[in-house]
Amino acid sequence: MKTGIIVADIQGDFTELKDGPLSVEGTDQRFIDEIIRNTRMLKQAGFPVIVTQDWHPANHVSFYTNHEGKKAFETISIQGKTQVLWPPHCVQKTEGAALLIDDELFDAVVRKGTNGKYDSYSGFEDDGGFETPLNSILKKWSITNLVIYGVATDYCVEATALDGLKHGYNVIVIKDLTRGIDPESTKSALAEMEQGGVVVFDTIDLNKLK
Ligand SMILES: [Zn+2]
């Protein structure tokens with residue numbers, strides 16, 4: 001049994017700290033400091049750390065500005081799947097897409113949503129079924145257990161956690177180190193994850209991870 005850490009989308013555009021266009025409630029300086037403190041603790045304890053990074057081309061399908069007449073947070077259907085139209089965010093190479101975690105605290109970055117045609121809440125694959133390198137990195141490192149935290153609980157954390165289960169990993173989500181976009185969908189996301197087999201802990205207890 002080997003545990004790997006996945007820190008989801010700690011990027012300026014998703015945080016109140018950087019006044020991002022898609023800032024998630026509760027992502028202030030204190031939250032980011034907690035993310036960094038815990039990630040450092042896990043790294044120092046010897047766990048490999050992978051961060052995911054939303055990384056969209058400017059013409060990305062998920063931006064409402066790329067759909068004439070649409071407003072932010074309206075939904076459309078793409079190949080039968082509901083697509084929320086977000087404010088433009090995490091455009092490749094922009095400041096808002098930058099990670100708020102120091103390079104020394106992680107071992108790999110997995111970028112997602114890089115194809116303009118598909119959104120990708122999951123760190124494993126996008127809505128078009130194209131895989132990121134995440135699964136092959138985890139396999140290469142012989143990781144069997146995942147600890148996931150970051151933003152947003154009701155989108156990328158949930159999608160990554162459920163895909164982790166689908167790929168055969170044991171998955172733990174750390175509730176106090178996640179923040180959701182909407183209180184209701186955050187609550188149901190946590191319930192769905194637990195029903196699916198994700199273990200939800202409030203905080204990180206190193207003794208439980210070994
Ligand atoms: Zn995105």
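Only this structure's heavy atoms are used, side chains among them; waters, hydrogens and symmetry mates stay out. One-based numbering, in listed order, for ligands and for the atoms of each.
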Any Lys/Arg nitrogen of Lys112 or Asp54 sitting under 4.0 Å from an Asp/Glu carboxylate oxygen of the other?
yes
Just to verify, what does Arg40 make a side chain to side chain donor-acceptor pair (under 3.5 Å) with, not counting sequence neighbours?
none
Does a donor on one side chain sit under 3.5 Å from an acceptor on the other, for His60 and Asn66?
no
Please give me the protein atoms (N, O or S only) lying under 2.8 Å from the Zn ion (ligand 1), ordered by chain and number.
Asp54 OD2, His56 NE2, His89 NE2
Kindly write out the residues that satisfy side chain to side chain donor-acceptor pair (under 3.5 Å) with Gln29, not counting sequence neighbours, or none if the list is empty.
Asp33
Quiz question: by atom type and distance under 3.5 Å, do the side chains of Ser185 and Asp154 form a donor-acceptor pair?
yes
Partners passing salt bridge (charged side-chain N to carboxylate O under 4.0 Å, His left out) against Lys43 (at least two apart in sequence or in another chain):
Asp107
